[in-house]
Structure formats: structure tokens, C-alpha cells
*Asks:* 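Mind having a look at this structure? Questions to follow.
It should be emphasised that the depicted structure is a prediction, and the values quoted were computed from it without experimental measurement.
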Amino acid sequence: MMEQDPLSQLRDIHLPQPGGFWPPAPGWWLLLFIAIALATVIFLLVRRKVRRNRWLKTARRELDRLELAATPDSRWFGALNALLKQSARVRYPERLPESLSGGPWVHFLLETSPKDRVASRPVVEAMVNSSWQPQPQCHTRDAIAFARVWLGGQKC
């Protein structure tokens, strides 16, 4: 005989199966996209900064080489001024620093030197003028010190 009680035919409550980890919900896809975009932007900015400052590493290496070969003669001071002009041409191309000499070059170097360190005008004038004087009036250590300070403030 069949039971006529409909309640006896009901089954117990079953919970749904938990979802797997794949495929992720749309929010996770969005988060992944944002993370990849952010990592790409950071990578491109860092690479751009490294490329833009590559000249600075080369200039510092050349300055180290000049420091090792420091001799108080006009050719050495000419090479130091050439290094500073090459660096200025890369950093300030719109101001045409390679065309400057004498007083305007001294003014340019003082104007573009870091503001937290006051550059001594007599040292810079003596360094620039020593390029064409038979007896340089500037000490090589003072010229190297100014060049290091000037290059140190030239980050892009």
C-alpha cells in the first residue's frame, strides 16, 4: 500500500556545490587588468627615466677619468669645460649652451647649478678662463668639486 502522506515523499535540504576557483568572478578579471596596466605604466616610466639619465652616468664616468688625469694646464680645463658643455647640451637643449663662452658660459653654469649649494663665482670664472690661459688660475680640485656639484643637480 502506498502511503498517502505527501510529507514523507520530501527529501532533505541539499546545499549547492561550492564553485570552483576557475573561472574567476568579473571583479577579479578587472583587478588583474588594473594591476597589469599599473605595472606596465610603472615599467615604462622607470625605463624612460633611466634612458633620460644615461648621459649623466657617462658624464660622471668621464669626470672620474678627468680627475685621475688632473693636470693644471689649459688642455685639461678645456676638456672639463667640453664635458660640462656636452652635459648642458643634453640637459638644456633649448638654451643652446654649446654656443656660450666666457661670461655667458659662467653665468649659465652659475644659473643652472643647484640652489642648495652656492657656487663660488670666482672659482667658476677661473675654471672657464683657465681653458685658454697659459697659466691656469684655478686649482683642479676646485674645478672637479664644482663639476661634481653641477652634475649632481642635473637629474631629469
Side-chain angles (χ1 to χ4, degrees), residues 17-156:
Q17 293 292 326
F21 73 94
W22 198 261
W28 288 110
W29 285 108
L30 181 64
L31 185 64
L32 177 66
F33 175 74
I34 290 172
I36 289 173
L38 187 64
T40 303
V41 167
I42 290 172
F43 171 75
L44 292 175
L45 289 174
V46 167
R47 189 177 78 173
R48 180 176 159 199
K49 184 174 175 80
V50 166
R51 283 185 177 179
R52 206 182 318 162
N53 285 332
R54 189 176 296 155
W55 66 270
L56 186 59
K57 186 176 181 182
T58 305
R60 287 182 177 155
R61 230 177 320 167
E62 180 66 19
L63 186 61
D64 290 341
R65 189 189 66 73
L66 280 173
E67 185 177 18
L68 291 176
T71 57
D73 65 348
S74 60
R75 285 181 290 152
W76 186 84
F77 283 101
L80 180 62
N81 274 307
L83 171 64
L84 292 177
K85 281 192 179 192
Q86 288 171 352
S87 299
R89 183 177 57 213
V90 172
R91 180 64 179 106
Y92 305 101
E94 69 283 350
R95 296 182 63 185
L96 302 172
E98 65 273 8
S99 65
L100 301 175
S101 64
W105 176 235
V106 170
H107 179 70
F108 175 83
L109 287 174
L110 290 172
E111 181 184 332
T112 56
S113 65
K115 301 300 180 209
D116 58 337
R117 295 185 173 222
V118 178
S120 174
R121 185 173 191 84
V123 170
V124 177
E125 286 176 345
M127 179 185 73
V128 170
N129 293 336
S130 294
S131 297
W132 59 79
Q133 292 177 341
Q135 290 289 43
Q137 302 298 317
C138 184
H139 294 289
T140 56
R141 70 179 183 285
D142 294 339
I144 289 288
F146 172 76
R148 284 203 191 286
V149 167
W150 190 81
L151 283 174
Q154 301 304 310
K155 294 178 183 168
C156 293

*Asks:* Could you state the interatomic distance from CG (Leu30) to CD1 (Ile34), rounded to the nearest 0.5 Å?
*Replies:* 4.0 Å
*Asks:* Measure the spacing between CG of Leu110 and CZ of Phe146 and express it to the nearest 0.5 Å.
*Replies:*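 Reported value, rounded in 0.5 Å steps: 6.0 Å.
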*Asks:* State, with a plain yes or no, whether a side-chain heavy atom of Val90 is found less than 4.5 Å away from one of Leu56.
*Replies:*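 Counting from C-beta outward, Val90 and Leu56 never come under 4.5 Å.
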*Asks:* Are the charged groups of Arg89 and Glu94 less than 4.0 angstrom apart, N to O?
*Replies:*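 Looking at Glu94 together with Arg89, the answer is no, because their closest N to O distance does not fall below 4.0 Å.
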*Asks:* Look up atom CG in Leu83 and atom CZ in Arg61, then write down how far apart they are to the nearest 0.5 Å.
*Replies:*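 Here the rounded value is 12.0 Å.
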*Asks:* Would the Trp132 and Trp105 ring centres measure less than 6.0 Å apart?
*Replies:* no
*Asks:* Are Met127 and Asp142 close enough that some pair of their side-chain heavy atoms sits under 4.5 Å apart?
*Replies:*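 Not touching, per the 4.5 Å side-chain cut-off.
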*Asks:* Once the angle between the rings of Trp22 and Trp29 is folded into 0 to 90°, is it parallel (under 30°), tilted (30 to 60°) or perpendicular (over 60°)?
*Replies:* perpendicular
*Asks:* Determine yes or no for a side-chain-to-main-chain donor-acceptor pair under 3.5 angstrom, with Lys85 supplying the side chain and Leu100 the backbone.
*Replies:*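 The answer is yes, because a donor-acceptor pair under 3.5 Å joins these two groups.
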*Asks:* Measure across Ser87 and Trp55 and return the closest heavy-atom pair with its distance rounded to 0.1 Å.
*Replies:*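 Heavy-atom minimum between the residues: CB-CZ3, 3.6 Å.
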*Asks:* Would you mind reporting whether Thr140 and Thr71 have side-chain heavy atoms less than 4.5 Å apart?
*Replies:* no
*Asks:* How close do Ala143 and Phe77 get, counting heavy atoms only, and between which atoms?
*Replies:*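 Taking every non-hydrogen atom into account, CB-CE2, 3.8 Å.
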*Asks:* I'd like to know if the side chain of Gln137 and the backbone of Gln135 have a donor-acceptor N/O pair within less than 3.5 Å.
*Replies:* yes
*Asks:* Quick one: closest heavy-atom pair of Leu84 and Ala147, and the distance?
*Replies:*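 Leu84 and Ala147 have their closest heavy atoms at CD2-CB, 4.1 Å.
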*Asks:* Are Glu67 and Arg141 close enough for a salt bridge, meaning some N to O gap below 4.0 Å?
*Replies:* no
*Asks:* With rounding to the nearest 0.5 angstrom, report the CZ to CG distance, Arg60 to Asn53.
*Replies:* 8.5 Å
